[in-house]
2 protein chains.
Amino acid sequence: MSTMQDVAKKAGVSKATVSRVLSGKGYVSEATRQQVFAAIEAAGYRPNLLARNLATSKSQCIGMVVTNTLYSGSYFSEILSQAAKKVEEIGRQLILVDGKHSAQQEREAIEFLLDLRCDAIILYPRYLTIDEMDEIIEQTTQPIVVVNRRLRKHPSHAVFCDHKKSAYNATLALIERGHRHIAFITGSLDSPTALERLNGYKQAIGHANLPVEPQRIIEGKWTPACGVNAITSLLERRVPFSAVIASNDDMAIGALKQLTRAGISVPQQVSLLGFDDIPVAPFLLPALSSVKDPVTDMIHEVINRLISMLDGGNMLPQKALISGLVLRESVANAPDTER
Amino acid sequence: MSTMQDVAKKAGVSKATVSRVLSGKGYVSEATRQQVFAAIEAAGYRPNLLARNLATSKSQCIGMVVTNTLYSGSYFSEILSQAAKKVEEIGRQLILVDGKHSAQQEREAIEFLLDLRCDAIILYPRYLTIDEMDEIIEQTTQPIVVVNRRLRKHPSHAVFCDHKKSAYNATLALIERGHRHIAFITGSLDSPTALERLNGYKQAIGHANLPVEPQRIIEGKWTPACGVNAITSLLERRVPFSAVIASNDDMAIGALKQLTRAGISVPQQVSLLGFDDIPVAPFLLPALSSVKDPVTDMIHEVINRLISMLDGGNMLPQKALISGLVLRESVANAPDTER
DNA sequence: TTGTACGCGTTATCAG
DNA sequence: CTGATAACGCGTACAA
C-alpha cells in the first residue's frame with residue numbers, strides 16, 4: 001500500500017500539503033491541488049484509517065454491541081436494519097461487534113469500539129447490570145446509549161419501552177374478547193424484558209379475577225423451537241386454552257407451526273399473539289395493534305439521542321471533506337476506460 | 001486515558017519492558033513483571049488497539065460486510081449468528097460493517113475492514129460483480145471469502161449452494177404429490193439467487209410437461225410484506241393454485257399470514273414452501289427437507305476456509321498473550337471489593 | 001534482563 | 001500558500 005509520503009514525493013510536495021488537500025482544511029493552490037490528485041491516482045493511494053484515527057481520535061463511525069445469542073431472531077435483525085439505515089443517513093458507518101457471553105465480554109466489546117475511536121456507541125445489553133452500565137457511562141467521554149434498559153443515574157442515555165404494559169394490554173384485550181384460558185409462553189427468565197411481560201400477563205389475569213394457572217405458563221427462551229415445544233407441552237398435558245400469547249414473534253411463529261401441524265387453525269380456533277412490531281409479525285390480531293412494541297420508533301430515538309450527544313453540527317457536510325470521498329470523486333470524473 | 005508511557009514511569013521501567021510484559025514476548029524478570037502489573041492496575045491502563053494494530057498490521061478480528069437491505073430477514077440473522085459463534089470459537093472478534101447500497105460502498109466497506117487490519121474478510125455481496133470480486137481478491141493480501149456466489153478465477157474463495165437445484169427439487173416434490181397449479185413468489189430479480197430459484201421452478205414445471213403460467217409467478221422482494229401481497233394478488237385475480245413456493249422463508253411467512261386471513265388453512269388446503277434452512281422456517285413439508293438450503297453448513301464452511309487461509313497455527317493459544325486478557329486476569333484475581 | 005531509538009501513517013502546530 | 005517537525009500509542013531490532 002502506498003502511503004501519503006509516496007504521494008507527496010510523486011507530486012513533488014510535502015506530506016503536509018497532501019494532508020491539506022485530503023482534509024480540505026487550510027489553503028492550497030489549485031495548481032498543486034491538481035498535482036496532488038494526479039499523484040494520488042497514479043499511486044492508487046488510499047488513506048490509512050488506523051493512522052488517521054490514531055492521530056485525530058475520531059473515526060466517523062458508530063459502534064453497536066449485541067450478544068451473539070440475540071443475533072438470530074427477527075427482533076434483533078430489525079433493530080440492526082433500522083439502526084444501519086439511520087446511521088447511513090447521517091453519513092457514517094455502523095459497525096456491529098459481538099458482546100458474546102458475559103458482562104466481561106460486553107465490556108471488552110465496548111472498549112474495543114472505544115479503542116477504534118467510535119464517535120458513539122449503541123449498547124443492547126444482555127449481561128451488564130444497570131449499575132455497571134451507569135458506571136461505564138460515567139467513565140466514558142464518548143456518547144453511549146443503552147437500548148431496552150432503564151438506567152438509574154443516566155436516564156437520558158436509555159431508550160426503552162414499557163413491556164409490562166404491552167403484555168398487560170395484550171392480555172386484557174384477549175380477555176375482553178371472551179378468552180378465559182390464555183396460555184403464556186415466556187422469554188428467557190434471566191431477561192428483564194421477559195419478566196416484565198410475564199408480570200403484565202399475570203396482572204391482567206389477576207385484575208380480571210381469573211386464576212393465574214402455572215400449567216398455562218410455559219417457559220421459553222425466545223427461539224421458534226421453544227414455541228413449538230410450548231404448544232407440544234400444552235397439548236400433551238391436555239391443558240385447555242383458547243388463546244396463546246408468546247413473548248416474542250419468533251416463539252409465536254414456532255407456536256403457529258406446531259398448532260398447524262396439530263390441525264388447529266389460527267386464529268379461528270386459537271388466538272395467537274406475538275409481541276414485536278416487526279415485518280415478520282404475522283399474528284398480531286389487527287385490533288391489538290396498539291399493544292405492539294415500537295421497535296422502529298425506539299431505534300430511531302436511539303440514533304436521535306446519539307446525534308444530539310455528538311456535539312452537533314458536523315453531520316453530513318463533513319462528508320465531502322472525507323478524503324476517501326474526495327479521492328473517489330476525482331476518480332469518478334476520470335474517463336471510464338478501466339471499468 | 002493512561003498510556004504505556006505512564007505505566008512505565010509508575011513502574012520505574014521503560015515502555016519496552018511494559019510492552020514485553022503485555023505481549024509475553026522476550027524475557028522479563030518476575031520482579032519487574034509484578035511491578036508492571038501493579039502499575040497497570042494503578043493506572044487503570046488499557047492498551048490502545050489503534051496504535052497496536054497500526055504498529056503490527058494485525059488486529060485479531062474478522063470482518064464481514066453485508067448490505068443493510070439484507071439486515072432484516074431471518075436468513076441473514078442466522079448467517080450472522082452462526083458466523084459470530086464460529087469466530088468466537090477461534091478466539092477472535094467478528095465485526096460487521098454495512099455494505100449500504102452500491103458496489104462502490106461495498107468496496108469502501110471492504111477497504112474499511114482492510115484499514116482496520118482485519119485478519120480476514122467475509123463478503124456477502126449484493127452489488128459487486130463476480131469479476132470485480134475476483135479482482136479485489138487478487139489485489140488483496142488478506143484472505144477474503146465470498147458467500148453465495150460462484151467466483152470464476154478464485155473458486156476456493158467462494159462458498160455457495162445450488163439454488164436452482166433446490167428450487168427444482170422442491171417444485172418436483174410438489175408435482176409428485178399431485179399438485180398441478182403451483183404458484184411461485186420470486187425474490188428480487190436483480191439477485192442471482194432469485195433467478196436461480198425461479199429457473200429451477202420453471203425447469204421442473206417444464207419437465208413435467210406442465211405449462212409455465214406467468215400469472216402464477218409473482219415478483220417479490222424477499223420481505224414478508226411481499227408474501228402478503230403475492231397471496232392477495234393471486235386471490236384477487238382468482239388464479240387457481242393448490243401450492244405456493246416462496247423464494248425465502250420471510251415471504252413464506254407473509255404468505256401464510258395472508259392465507260390465514262383469507263380463511264385458507266395451510267397445509268390442509270394449500271401447501272406452502274419456504275426455502276431457508278433456518279429455525280424460523282415453519283413451513284417446509286417434512287418430506288421436503290432435502291430441498292433446504294444448508295445455511296449453517298455453508299457459513300461453517302466459510303469460517304473453515306478462512307481459518308485455513310489464516311496461515312494457520314496462531315488460533316487460540318495466542319489468546320492468553322493478548323494484553324487485555326492478561327490484564328484482566330490479574331484484575332480478576334484481585335479482591336472483589338469494588339464490584 | 002532492560003533501555004534506546006526508530007517506524008507505523010496521519011494530523012496539527014508552527015515557522016517561513 | 002507550503003514545509004519541517006512534533007505528537008498519537010505502541011512494537012521491536014539493536015545495544016547495553
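Here is how names work: the chains are called A, B, and so on, in the same order as the sequence lines, proteins then strands, and each is numbered from 1. Computed from heavy atoms alone, side chains included, the values below leave out hydrogens, waters and symmetry copies.
Rounded to whole Å, the distance from OH on A:Tyr27 to P on D:dG3 is 18 Å. Rounded to whole Å, atom P of C:dT11 lies 10 Å from atom CG of A:Asn53. Rounded to whole Å, the distance from NZ on B:Lys9 to P on D:dG9 is 13 Å. One can place CD of A:Gln35 at 12 Å from C1' of D:dT2, the figure rounded to the nearest angstrom.
Partner of B:Met64 under the side-chain contact (heavy atoms from CB on, under 4.5 Å) criterion, out of B:Ile122, B:Val145, B:Val302: B:Ile122 alone.
Under a 3.5 Å cut-off, the side chain of A:Ser77 and the backbone N or O of B:Ser77 do not form any donor-acceptor pair. Side-chain atoms of A:Ser102 come within 3.5 Å of backbone N or O of A:Gln105 as a donor-acceptor pair. Here the side chain of B:Thr56 pairs a donor or acceptor atom with the backbone of B:Lys58 at under 3.5 angstrom.
Residues passing the salt bridge (charged side-chain N to carboxylate O under 4.0 Å, His left out) test with B:Glu135: none are found, sequence neighbours excluded. Applying the salt bridge (charged side-chain N to carboxylate O under 4.0 Å, His left out) rule to A:Arg117 yields no partners; only residues at least two apart in sequence or on another chain are considered. A search for salt bridge (charged side-chain N to carboxylate O under 4.0 Å, His left out) contacts involving B:Arg126 returns B:Asp190, not counting sequence neighbours.
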Practice task
Take nucleotides 3-10 of chain C nucleotide by nucleotide from the 5' end and write B, S or -, depending on whether a protein heavy atom sits under 4.0 Å from the base, only from the sugar-phosphate, or from neither.
Solution key: BB--BBBB

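Using five terminal pairs a side, the axes of the helix from C:dT1-D:dA16 to C:dG16-D:dC1 at its two ends make an angle of 40°, given in steps of 10 degrees.
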Going by atom type alone, with no hydrogens or angles, which donor-acceptor pairs under 3.5 Å involve a side-chain atom of residues 146-153 of chain A and a protein atom two or more places apart or on another chain?
| from | atom 1 | to | atom 2 | distance (Å) |
| --- | --- | --- | --- | --- |
| A:Asn148 | OD1 | A:His163 | NE2 | 2.7 |
| A:Asn148 | ND2 | A:Thr193 | OG1 | 2.9 |
| A:Arg149 | NH2 | A:Pro125 | O | 3.4 |
| A:Arg152 | NH2 | A:Asp131 | OD1 | 3.1 |

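Between A:Ser29 and D:dT2 there is a side-chain N or O to OP1 or OP2 distance below 4.0 Å. Between B:Thr32 and C:dT1 there is no side-chain N or O to OP1 or OP2 distance below 4.0 Å.
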